[in-house]
2 protein chains.
Amino acid sequence: MNNLQLRGASSLHESVREELLKRIKSGIYLPGSPIPSTAMLSEEFGVSPITIKRSIRDLQTAGMLIAVAGKGTFVKERRRFLREVDVWLSSIDNARKLGFRPRLQLLSITREKISDATMSVLNPPQDAMLCVRKTVLADDLPIMYDATYLSSDIDEDIVEKFSECSVIDALEQHAIRIVNTRLIIDAAPAAGKVEEIFAIPNGYPMLRRLYKVTTTKSRITIFGIVESPFDRLACSLNLPANQMSGSYLKSKK
Amino acid sequence: MNNLQLRGASSLHESVREELLKRIKSGIYLPGSPIPSTAMLSEEFGVSPITIKRSIRDLQTAGMLIAVAGKGTFVKERRRFLREVDVWLSSIDNARKLGFRPRLQLLSITREKISDATMSVLNPPQDAMLCVRKTVLADDLPIMYDATYLSSDIDEDIVEKFSECSVIDALEQHAIRIVNTRLIIDAAPAAGKVEEIFAIPNGYPMLRRLYKVTTTKSRITIFGIVESPFDRLACSLNLPANQMSGSYLKSKK
DNA sequence: GAGTGGTCTAGACCACCCT
DNA sequence: GGGTGGTCTAGACCACTCC
């Protein structure tokens, strides 16, 4: 009935997972299409439905499958957005350049403190700031969740711009020059609304870009966090020799 | 007996998870220390041990806990290494600068093709290459798993250097100059040995840096993949205005 | 030997979707 | 109504660790 236990898997649910993964990779199960139901797989493999469910859940958290209650379990479509991080190009323009149809959606404008642990490396102010939250969609699929933090004494018409377009475009439209961008790329578990928006289960990690943008106007320093599902986005950057500093160029020791 | 269901959690295991997370964050359960056993938590919360296990497993994949069979479940120590990606500094020197005691461990030297999907963006050669695998430890904890790919016609003494020290240091010792580094930062599920080394479960994603280093010697182009658990490493970079290109500096449209 | 987590199973209930 | 996945439970077995 089955041909499991072929790989180096030490447990049943692992074997099942490997086998399903193999079928996805080899194209037996196609992106966007449903895989057989738990019951059917259970019968095919001669394993308890619970064990099948376990494997499927693991593949879900690994971003390979997406299960929809009442409908079935589907192979996730894999199309990844390459964010060019070393170029001053807004996410929107970046997406357009890569052939996506990008769209921006304002979620909320609130007053909040920045509480993220990683963010503290960038030394954000301790007091409450204006927080503009939006999602960026590419081809109608959400790929980014952005929280932009502005000092709360900022002009209302600037805030408006921030809710309509990206940080870079908003600044440009007010003729404010960027002096420096400090970026931290990390991954952290999805929390709250982010889980919903991207249908991410169980606090699974999101790829994040935390930024601090300093401008010529000393009053205007912008902080922000952009979160993306790791299977929808990757960052790319280029480091030419003539721009580099560090131990390599100095005579070491 | 319990005070669950307080958060916006829609299921029992979610409530339990939130409660455990709260206790970790508030310091009731301390880093490095064990949390109560499944049986005890089951009693305390008035929930099936299986539901407790479910919550614990989710917190494990989220990098908060680490369960050791026969010993107990422990709160993971959180100390994160900030890799400065825009500076030409070897990982080793970077770690040392941050106060870690770094160490390098050679794992294997093999001949392999580069098969990673993301890597294809960097257009690596299709034929088999020399693959040097090593781990980087900081304070005796593994933080990076590096696979360096070299064209297989390279001198043996250079290969030797690559297995002893980082790419940058190896090149420097042979007086080879780096012309450009192209970097892609993404996250991808852990596979095979990586799961073991970092005690990562279920193909949980690792933060990765894929690089292509071009040098003055045309024969020598180096590819590589560095993987790290996302709770042990983040990348940082700085983008000063004078080095930037892109739409912002050009007159747009 | 007592305690730990890990695995696998069986069975029941729910909410949802589609026809 | 018959299918789907999601949740929760009970119970049994194993391998491991520590005393």
Side-chain angles (χ1 to χ4, degrees), chain A residues 1-2 4-5 7-20 29 32-61 64-76 195-196 199-204, chain B residues 1-2 4-5 7-20 29 32-61 64-76 195-196 199-204:
Chain A
M1 184 74 77
N2 57 23
L4 290 177
Q5 215 75 351
R7 308 280 184 100
S10 53
S11 56
L12 252 184
H13 73 262
E14 249 173 287
S15 309
V16 173
R17 173 162 49 99
E18 293 303 323
E19 175 60 22
L20 293 178
Y29 301 149
S33 303
I35 69 171
S37 74
T38 311
M40 292 183 67
L41 288 170
S42 161
E43 199 183 351
E44 186 196 347
F45 291 140
V47 195
S48 155
I50 306 198
T51 305
I52 301 287
K53 285 185 183 183
R54 164 71 190 268
S55 315
I56 287 179
R57 198 153 58 80
D58 287 343
L59 284 172
Q60 260 182 278
T61 64
M64 301 302 301
L65 296 175
I66 172 87
V68 185
K71 292 188 73 173
T73 303
F74 302 81
V75 179
K76 256 201 178 176
E195 289 189 20
E196 292 172 35
I200 301 271
N202 306 330
Y204 197 60
Chain B
M1 184 72 78
N2 56 25
L4 290 178
Q5 216 75 352
R7 307 282 186 99
S10 53
S11 56
L12 251 184
H13 73 262
E14 249 173 286
S15 308
V16 173
R17 173 161 50 101
E18 293 304 323
E19 175 61 23
L20 294 177
Y29 300 149
S33 303
I35 69 172
S37 73
T38 310
M40 292 184 67
L41 288 170
S42 160
E43 200 182 351
E44 185 196 349
F45 290 141
V47 198
S48 153
I50 306 199
T51 306
I52 300 287
K53 285 185 184 183
R54 164 70 190 267
S55 315
I56 287 179
R57 200 153 59 77
D58 287 343
L59 284 172
Q60 259 182 278
T61 63
M64 301 303 301
L65 296 175
I66 171 89
V68 186
K71 292 185 76 173
T73 304
F74 301 81
V75 180
K76 255 200 176 176
E195 290 189 20
E196 292 172 34
I200 300 271
N202 307 333
Y204 197 60

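Just so it is clear, the model here is predicted, and its values are computed rather than measured. Below, chains carry the letters A, B, ... as their sequence lines are ordered, and counting in each starts from 1.
- Ion pairing between D58(B) and K53(B) fails under the 4.0 Å rule for side-chain N and carboxylate O.
- A donor-acceptor contact shorter than 3.5 Å is absent between the side chain of T38(B) and the backbone of P49(B).
- The distance between atom CG of D58(A) and atom P of dT7(C), rounded to the nearest whole Å, is 9 Å.
- For the pair Q60(B) CD and dT4(C) P, the interatomic distance rounds to 16 Å; values are reported in whole Å.
- Note: CD1 (I35(B)) to C1' (dT4(C)) measures 12 Å, nearest angstrom.
- Between dC8(D) and S48(B), no contact under 4.0 Å exists linking OP1 or OP2 to a side-chain N or O.
- The 5' end of DNA chain C is approached more closely, in terms of each residue's nearest nucleotide, by P49(A) than by the other of A69(A) and P49(A).
- Going from atom CZ of R57(B) over to atom P of dG6(C) covers 9 Å, rounded to whole Å.
- Summary of the strand contacts: I52(B) and V68(A) both lie near DNA chain D, and taking for each the nucleotide with the nearest heavy atom, the more 5' one is attributed to V68(A).
- Taking the side chain as every heavy atom from C-beta outward, I35(A) and F74(A) never approach each other to under 4.5 Å.
- The separation between R54(B) atom CZ and dA10(D) atom P is 17 Å, rounded to whole Å.
- The distance from atom CG of L20(A) to atom P of dG5(D) is 12 Å, rounded to the nearest whole Å.
- Not a single donor-acceptor pair under 3.5 Å links the side chain of S33(B) to the backbone N or O of Y29(B).
- OP1 or OP2 of dT4(C) lies within a sub-4.0 Å distance of a side-chain N or O belonging to S37(B).
- Using a 4.5 Å cut-off on side-chain heavy atoms (C-beta onward), L41(B) and I56(B) make contact.
- Distance from the side chain of A67(A) is smallest for dG5(D) among the nucleotides dT9(D), dG5(D), dT9(C).
- Atom CD1 of I50(A) is separated from atom P of dC13(D) by 17 Å (rounded to the nearest Å).
- Heavy-atom nearest nucleotides on DNA chain D were determined for A39(A) and for T51(B), and the one closer to the 5' end corresponds to A39(A).
- Put simply, NZ on K53(B) is 11 Å from C1' on dG11(D), counting in whole angstrom units.
- A close approach under 4.0 Å does occur between a side-chain nitrogen or oxygen of K71(B) and OP1 or OP2 of dC18(D).
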